[in-house]
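Input: a single structure, listed below in structure tokens.
Whatever order the structure lists them in is the order used to number ligands and atoms, beginning at 1.
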Amino acid sequence: MEIVFATNNLHKLEEISALLGKKYQLLGLKDLHIEEEIPEDHNTLEENASQKAWYIFNLTGRNCFADDTGLEVDTLKGAPGVYSARYSRIGYPTFPEMEPAEGNIRKLLLEMEDARERSARFRTVISLVLSGMEYQFEGVIEGVITQRPSGAKGFGYDPIFTPAGYKITFAEMDLSLKNQISHRARAVKLLVDFLNGM
Ligand code: ITT
């Protein structure tokens, strides 16, 4: 069964391909030659995931799913949250000269310079649009924000996030381990269980 994952992020495509198994052929937006920016202009992960999935369903008529992920830091009252991707481009300070991931990490560590309470979570919401019906799945992983970046694997905020029960960051972990325990893995497991149960 073909299913479209409404993302241009190759890291995510690779991660989810590994989780989905052989029953599904996963297509990314590049495979469909969709190069336009998909709107995601809401204030919650739920609304953004939904908006992206419906946008691609309406454009292509294909079954598809979209995700939105945020890093929620307790001492920052849930920020950067839904604004995680553009954190270093909004508010103060901004780091327009840096790669987004590098700027985001720099800004977050700066905002948390004096914070002793460093609990945080990654939260992923997936919207699946299947034959014109929508279903949502959520995955969460709790953890802490480290004092400094460590590790070169993964992407985004991985170098500064240590999941609860581990002593290494996501960026120091093998992808196969991250894929077993991550926020996205948990949301995808619910998605896959749902699809397999149909
Ligand atoms: P698409 O919208 O094209 O899918 P994106 O990179 O914008 O890709 P999200 O909106 O889902 O992805 O992610 C929001 C931010 O959170 C972005 O800065 C990501 O780098 C970061 N992020 C998402 N998943 C992550 C993960 O597993 N580890 C570390 N950072 C992650």
Side-chain angles (χ1 to χ4, degrees), residues 4-19 26-32 34-53 55-56 64-73 76 78-90 95 98-109 120-128 136-146 149-163 166 168-189:
V4 179
F5 181 18
T7 186
N8 281 311
N9 182 325
L10 293 178
H11 291 283
K12 284 196 200 170
L13 211 54
E14 190 187 341
E15 273 188 17
I16 296 198
S17 289
L19 294 163
L26 194 62
L27 302 174
L29 295 181
K30 288 203 172 69
D31 297 313
L32 299 177
I34 297 172
E35 277 165 16
E36 65 206 73
E37 189 78 15
I38 304 175
E40 49 177 318
D41 48 22
H42 292 281
N43 296 321
T44 64
L45 299 176
E46 283 77 4
E47 288 170 296
N48 279 344
S50 180
Q51 182 181 26
K52 288 194 275 187
Y55 185 89
I56 293 303
C64 68
F65 63 91
D67 78 333
D68 202 16
T69 296
L71 176 63
E72 301 172 344
V73 178
L76 301 179
V82 72
Y83 306 108
S84 294
R86 49 203 154 110
Y87 190 45
S88 66
R89 302 283 197 264
I90 54 174
F95 296 99
M98 288 186 185
E99 285 294 306
E102 195 188 347
N104 289 341
I105 286 176
R106 176 81 176 275
K107 177 165 173 172
L108 191 60
L109 291 181
R121 72 202 50 76
F122 275 115
R123 197 161 71 85
T124 291
V125 175
I126 293 178
S127 264
L128 168 70
Q136 276 198 337
F137 309 92
E138 181 193 67
V140 174
I141 183 157
E142 300 286 338
V144 291
I145 303 300
T146 55
S150 191
K153 296 175 192 149
F155 67 100
Y157 294 89
D158 281 345
I160 56 165
F161 183 83
T162 296
Y166 292 84
I168 55 175
T169 67
F170 264 167
E172 295 173 299
M173 263 179 201
D174 284 341
L175 190 59
S176 59
L177 177 56
K178 182 186 170 191
N179 274 343
Q180 284 167 42
I181 63 171
S182 80
H183 45 300
R184 199 161 23 258
R186 289 176 180 175
V188 170
K189 179 158 189 336

So, for L45 and E72, which heavy atoms are closest and what is the spacing to 0.1 Å?
-> CD1-OE2, 4.3 Å
Take every heavy atom of L71, measure it against each atom of ligand 1, and state whether any distance is under 4.0 Å.
-> no
Heavy-atom nearest neighbour in the protein, as seen from atom 10 (O) of ligand 1, with distance rounded to 0.1 Å | D68 OD1, 3.1 Å
Just how far is it from atom CD of E14 to atom CZ of F155, taken to the nearest 0.5 Å?
-> 10.0 Å
Closest contact, heavy atoms only, S127 versus A53 = O-CB, 3.6 Å
For atom 2 (O) of ligand 1, the option (of H11, H183, K52, E37) bearing the nearest heavy atom | K52
Is the closest basic N to carboxylate O distance between R123 and E46 below 4.0 Å?
-> yes
The closest protein heavy-atom partner of atom 13 (O) of ligand 1 is T69 O, 3.6 Å
Among all protein non-hydrogen atoms, which one is nearest to atom 7 (O) of ligand 1, and what is the separation to 0.1 Å?
-> A85 CB, 4.1 Å
In ligand 1, which numbered atoms sit nearer than 4.0 Å to a non-hydrogen atom of S84?
-> 15 (C), 16 (O), 18 (O)
Proximal atoms of ligand 1 relative to K178 (non-hydrogen, under 4.0 Å) = 26 (C), 27 (O), 28 (N)
Verify whether one side chain among S50 and Q136 offers a donor that lies under 3.5 Å from an acceptor in the other.
-> no
Atom 22 (N) of ligand 1 - nearest protein heavy atom and its distance = F155 CE1, 3.8 Å
Atoms in ligand 1 flagged as close to E40, the criterion being non-hydrogen separation under 4.0 Å = 2 (O)
Identify the protein heavy atom lying closest to atom 12 (O) of ligand 1, giving its residue, its atom name and the separation to 0.1 Å.
-> K12 NZ, 3.0 Å
Identify the closest protein heavy atom to atom 24 (N) of ligand 1: which residue and atom is it, and at what distance?
-> R184 NH1, 3.2 Å
In the protein, what heavy atom is nearest to atom 3 (O) of ligand 1, and what distance, to one decimal place, separates them?
-> T7 OG1, 3.3 Å
Applying side-chain contact (heavy atoms from CB on, under 4.5 Å), run through I56 and L29 and close with a yes or a no.
-> CA-CA 9 Å; I56 293 303; L29 295 181; 3.7 Å; yes
What is the distance from atom NZ of K178 to atom CG of D158, rounded to the nearest 0.5 Å?
-> 3.5 Å
Nearest-0.5 Å distance that lies between atom CZ in R184 and atom CD1 in I141 | 11.5 Å
Heavy atom of R86, distance to ligand 1 below 4.0 Å | no
Take every heavy atom of Y87, measure it against each atom of ligand 1, and state whether any distance is under 4.0 Å.
-> no
What atoms of ligand 1 come closer than 4.0 angstrom to any heavy atom of N9?
-> 6 (O), 8 (O)
Which of V82, I126, T124 passes side chain to side chain contact (heavy atoms under 4.5 Å, CB included) with D68? Answer is V82
Looking at F122, which atoms of ligand 1 are within less than 4.0 Å of one of its heavy atoms?
-> 28 (N), 29 (C), 30 (N), 31 (C)
Any atoms of ligand 1 less than 4.0 Å from a non-hydrogen atom of N8? List them with their elements.
-> 3 (O)
Can you tell me how far the NZ atom of K52 sits from the SG atom of C64, to the nearest 0.5 Å?
-> 11.5 Å
Distance from atom 20 (O) of ligand 1 to nearest protein heavy atom, with residue and atom | G156 CA, 3.4 Å
Would you call the rings of F161 and F170 parallel, tilted or perpendicular, where under 30° means parallel and over 60° means perpendicular?
-> tilted
